[in-house]
Number of protein chains: 2
Amino acid sequence: MQSKPTTIKEIAQLLGISVSTVSRALHDHPSIGLTTRAKVKKLAGELNYEPNQTAIFLQKGKTHTIGVILPELSEAFFSSAISAIEDTAYKKNYTVLLAQSHDDEVKEKQLVEKMKNHRVDGLLVSVGKNTSSFQHFENLKKYNIPVVYFDRIPNIPNIHYVACNMEIGTIEAVSFLLKKGHRAIGMINGPQTMVATGERKEGYIKAMTKNRLKYDPSLIVSCDLTEEGTKKALDDLLANKRKPTAIVTFNDYVALFAIKYAQKLNIKLNQDLEFVSYANLPLINYMENIPAASVEQFPYLQGQKATDILMDLLHHQDKGSNEQSAYYKIIIESQLIENKK
Amino acid sequence: MQSKPTTIKEIAQLLGISVSTVSRALHDHPSIGLTTRAKVKKLAGELNYEPNQTAIFLQKGKTHTIGVILPELSEAFFSSAISAIEDTAYKKNYTVLLAQSHDDEVKEKQLVEKMKNHRVDGLLVSVGKNTSSFQHFENLKKYNIPVVYFDRIPNIPNIHYVACNMEIGTIEAVSFLLKKGHRAIGMINGPQTMVATGERKEGYIKAMTKNRLKYDPSLIVSCDLTEEGTKKALDDLLANKRKPTAIVTFNDYVALFAIKYAQKLNIKLNQDLEFVSYANLPLINYMENIPAASVEQFPYLQGQKATDILMDLLHHQDKGSNEQSAYYKIIIESQLIENKK
DNA sequence: AAATAACACGCAAACGTTTGCAATAGCCCG
DNA sequence: CGGGCTATTGCAAACGTTTGCGTGTTATTT
């Protein structure tokens, strides 16, 4: 009962014709007669013939498969991105090979090797936060495997990437609060080491100066993004000589920690203290007490764009050959979204 | 500069020996002399030789790849599960091919075909909530592609699966509410088509009878798991002649929809109405108004076990041949977790 | 009616690897 | 010194496709 899948060879034998004819008939090659074509297709249908992709891969040197390497599948941002990637790839008839680095540089390197051995046509990467060398990715160029980075991109030249710029969104966020009358606006920012922390700070300052307001450094505090750290940061801000009436937080997790803590301190939300955050969590839709607005980073869109770029690269790599000094550098502007309550 | 990957053939040519010798040398075949073996390995190292998996796949008929089909990658439960699957597969040197059905039966069927064409060695499946026929999965048996179902399992015999039994958790959940003094306990259940719906209902009934209480069918309502459906279900329950003081909801999404709606109706949470739910969302930790308790379903563990089973099947399928009437049926007991607020 | 074009199909190589079998060499032993 | 053995290596088929080229048949042209 354990039937092996039908092969082109069997069809050929059964019909008394050659394999090449069968192959061509199946592909509607013009040089095959209509009657033969019909016969072949009929039998193929009856035998439930499905081409063996591995054989085609070997023959064509293309696998119609793209690899995805990212830090953590279970993080909301990435699971949303991978969802987009899979959707987009599926539409173009590509399959996705998945792997997570857990922010481990060594594992990341192994995964690149593995992807190469599996002969993926291209790679989508969001680099681990500890990754310092990007040679393992750069090596792929030699093998003509294009790489598109997204969200967490390496700081090196000559790469394709799509990322989200936090500055604009931050300016919008601060402006939003200013327009609502707030003047003392606090910020619970991330660790100094992260690029995103700098972008947020810059955005904050630009928004203030654009509105001819003085920038008060004491209103920006760092935070390690844990619940405890958030509490401490909020305490600091509330103890400031200029007590903020609104706070921009590094991300939704921090915002929710802060909101929870503020409630415990009997602070009236959206009255004594208003929050604006960065949307890492799609789940915010399900909640009652949420930041008044969020800076959206569009994980789904990022995944989609990155995949589109990769597809484009895959379909044009034969032509432009070595002259292709053009690199995709897509910046998605973050955008403030007012949360409906 | 665009070097093609090194092949075994090139190594053979460079060394003036045959490909078979190279192949065997690389695999430490005993019949190859030590000196040749060393020479081959040295050159292979220098040329950065990596075996072409697609060729090996074709030759061996095995791809060392497992397919995963699940409804929605961006749902917390599944992203946690896929994370476990990838981790476990990685340890056994397998790669995972990923696809989401979006609960669309037609797409699910296409994906099965695609997986088959890609010659995955085995399949991990969580079926879509509307899937009514499972023939597309059953067909894989003929091709000797083992399937392990997890979480959302079809109600058919002779399959391998790992699932979480909702009954125990539900009994615990209802008992928890009874102990708190509730007598009119409502349940917003899922669609009748899902196995999990039945289990919840059974658990509910058992908990009631165990406590010598009468089971009132009007207190259990179905729901399509959407926000609108949830509102309607809650309306129904609140209009019941015996108005419930506590409600068990099908999952956290439903719970949060219900909680949001209840607040809009000015119902005092944890006072007029208490909720218990099933934990699909790790993010519930970040929120203020949450169900009093949740039934944990261990997505990571489920993914892990399912992958282990599949690995086991893959490594023993040659032997037992057709005598294997033994099917893995792993039940993970759900467990009530009281949410700290 | 002969030359030519158009059509339909088959042959065989190629993709990179594995592996059963054959072949060669060197060696020991009688 | 020849027979047999072992240790090493090569040959070639196989996995399932695709595709350039060649060939035979039929239809069209002048």
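From a predicted model like this one, the values you see are computed outputs, not experimental measurements. Quick note on labels: first sequence line is chain A, next is B, and so on, each numbered from 1.
- Side-chain contact of A:D312 with A:Y328: a donor-acceptor pair under 3.5 Å is present, judged by distance alone.
- To the nearest 0.5 angstrom, B:L70 atom CG is 6.0 Å from B:L98 atom CG.
- Below 30°, between 30° and 60°, or above 60°: for B:F137 and B:Y149 the angle between ring planes is above 60°, a perpendicular geometry.
- Not less than 6.0 angstrom separates the ring centroid of A:F57 from the ring centroid of A:H118.
- Ionic pairing of A:D87 and A:K92 is not present here: no N-O contact between side-chain nitrogen and carboxylate oxygen is shorter than 4.0 angstrom.
- As judged by a 4.0 angstrom heavy-atom cut-off over every strand, B:T54 is placed among residues making no nucleic acid contact.
- Summarising the geometry, the separation between CG on B:D28 and P on D:dT9 is reported as 14 Å, rounded to the nearest angstrom.
- Between A:D104 and A:K109 no salt bridge is recorded (no basic side-chain N to carboxylate O distance below 4.0 Å).
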Self-check item: Under 4.0 Å protein heavy-atom contact, by nucleotide of nucleotides 14-19 of chain C - B base, S sugar-phosphate only
Solution: BBBBBB
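- Summary for the helix from C:dA1-D:dT30 to C:dG30-D:dC1: the axes at its two ends, each from 5 pairs, differ by 60° when rounded to the nearest 10 degrees.
- Here the side chains of A:V147 and A:I159 are not in contact, with every heavy-atom distance at 4.5 Å or above.
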Practice problem: Begin with the C-alpha distance, continue with both residues' side-chain angles, and end with the deciding distance and a verdict on side chain to side chain donor-acceptor pair (under 3.5 Å) for A:N117 and A:E113. | Solution: CA-CA 6 Å; A:N117 295 350; A:E113 278 306 305; 5.1 Å; no
